[in-house]
Amino acid sequence: MKDVMPGSWRKIPKRFYQRDDVVLISKELIGKILVTLFEGKLTAGRIVETEAYNGIDDKASHAWNNRRTNRTEVMYANGGVAYVYLCYGIHHLFNVVTNIRDIPNAILIRAIEPLAGVDVMLQRTGKLKAGIDLTRGPGNVSKALGIHTSHTGSNLNDDTLYIAEDDFTYNDDFIIATPRIGVDYAGEDAFLPYRFIVKNNLYVSGKKTNLL
DNA sequence: CTGACGATTCACT
DNA sequence: GTGAATCGTCAGC
């Protein structure tokens, strides 16, 4: 887990997010790099786990049945902004808003593999040494990267919080679709294969028995 | 205004 | 495996 300088990183253009297939975008975000630059501190990691939330017909989504509230309003924005909300009063969960205005699609980033700023991540999380728990699970990702609910609505083209790509890609055989985590309340929709993970990657959340 | 609860994590048995 | 932590959000009164 040596630090890598972002010289070859290219910020993903807004049109990437504004396409209409949130499940496809969710899969394509696997292998991309989530970057924050807060107070001059660079932290970044490669995305290894995502979940798609597919708009008003998806019972697991906050925007199910076209529900519009102060909190969910940002999901209806044009794609390419952040949706960060507080869960269990403790955890800040980071999502990427996709699709065009008034179509509330979003993608939850559930795990990353640290690439840069591990020392800063350790400082933010209060952990003593870098391990797989540093950025495993959506709450830990936000904590390590310093993402807060106040960043909701932030434009992913900004220099403080964005997603980049480099020349690295995962082979398609290493990306697996599974049902989403913690959405049992969603009935039938809880079984939809909207979660994408990198095969055998230790940072992917859930039981290790999931490894194939 | 009030009460119930969550796209989770961690410590503990 | 079980339960506590902890607070903004939202539906209901």
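So you know, we letter chains A, B, ... as the sequences are listed, proteins then strands, and number each from 1.
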query = To the nearest Å, how far apart are A:N140 CG and B:dA11 C1'?
reply = 14 Å
query = Is any NZ, NE, NH1 or NH2 atom of the basic residue among A:D172 and A:K27 found under 4.0 Å from an Asp or Glu carboxylate oxygen of the other?
reply = yes
query = When rounded to the nearest Å, what value does the distance between C1' atoms of B:dC5 and C:dG3 take?
reply = 16 Å
note = Judged by nearest nucleotide, the residue sitting upstream toward the 5' end of DNA chain B, A:G182 or A:K143, is A:G182
key: Atom pair CD1 (A:I107) and OG (A:S26), whose distance is rounded to the nearest 0.5 Å   = 4.5 Å
inquiry  = Would you say A:R110 places a side-chain N or O within less than 4.0 Å of OP1 or OP2 belonging to B:dT8?
reply    = yes
request  = Can you tell me the distance, in whole Å, between the CD1 atom of A:I109 and the P atom of B:dT8?
outcome  = 14 Å
NZ/NE/NH1/NH2 to OD/OE distance under 4.0 Å, A:D166 and A:R46 = yes
task = Determine, using ring centers only, whether A:Y170 and A:F168 are less than 6.0 Å apart.
result = yes
request  = Output yes when A:K11 and A:D158 qualify as a salt bridge under the 4.0 Å nitrogen-oxygen rule, no when they do not.
outcome  = no
message = Does the structure place the NZ or CZ of A:R180 under 6.0 Å from the centre of the six-membered ring of A:Y53, at an angle of no more than 45° from the ring's axis?
response = yes
query = Among residues 59-71 of chain A, which residues get a heavy atom nearer than 4.0 Å to DNA chain B?
reply = A:A60, A:H62
request  = Taking A:T36 for its side chain and A:L145 for its backbone only, find out whether a donor-acceptor pair lies under 3.5 Å.
outcome  = yes
Sidechain-backbone polar pair: A:R19 side chain, A:F16 backbone, donor-acceptor under 3.5 Å = yes
ask   = To the nearest angstrom, how far is A:N54 atom CG from B:dA7 atom P?
value = 17 Å
ask   = Which whole number of Å gives the distance between the P atom of C:dG1 and that of B:dA7?
value = 22 Å
task = Could you check how far CG of A:D133 sits from C1' of B:dA11, rounded to whole Å?
result = 13 Å
ask   = Going by heavy atoms closer than 4.0 Å, what residues in residues 83-103 of chain A are next to DNA chain C?
value = A:L86, A:Y88, A:G89, A:I90
ask   = In terms of the angle between their ring planes, are A:Y85 and A:Y83 parallel, tilted or perpendicular, with boundaries placed at 30° and 60°?
value = parallel
More than 12 heavy atoms of other groups within 6.0 Å of A:N171 CG = yes
note = Paired runs of 3 or more consecutive Watson-Crick or G-U pairs involving DNA chain C, with both pairing distances under 3.5 Å, are B:1-6 with C:7-12, B:8-12 with C:1-5
request  = Using whole Å, report how far CD1 of A:I181 lies from P of B:dT9.
outcome  = 10 Å
inquiry  = Could you check whether any side-chain heavy atom of A:L34 comes within less than 4.5 Å of a side-chain heavy atom of A:V141, counting everything from C-beta outward?
reply    = yes
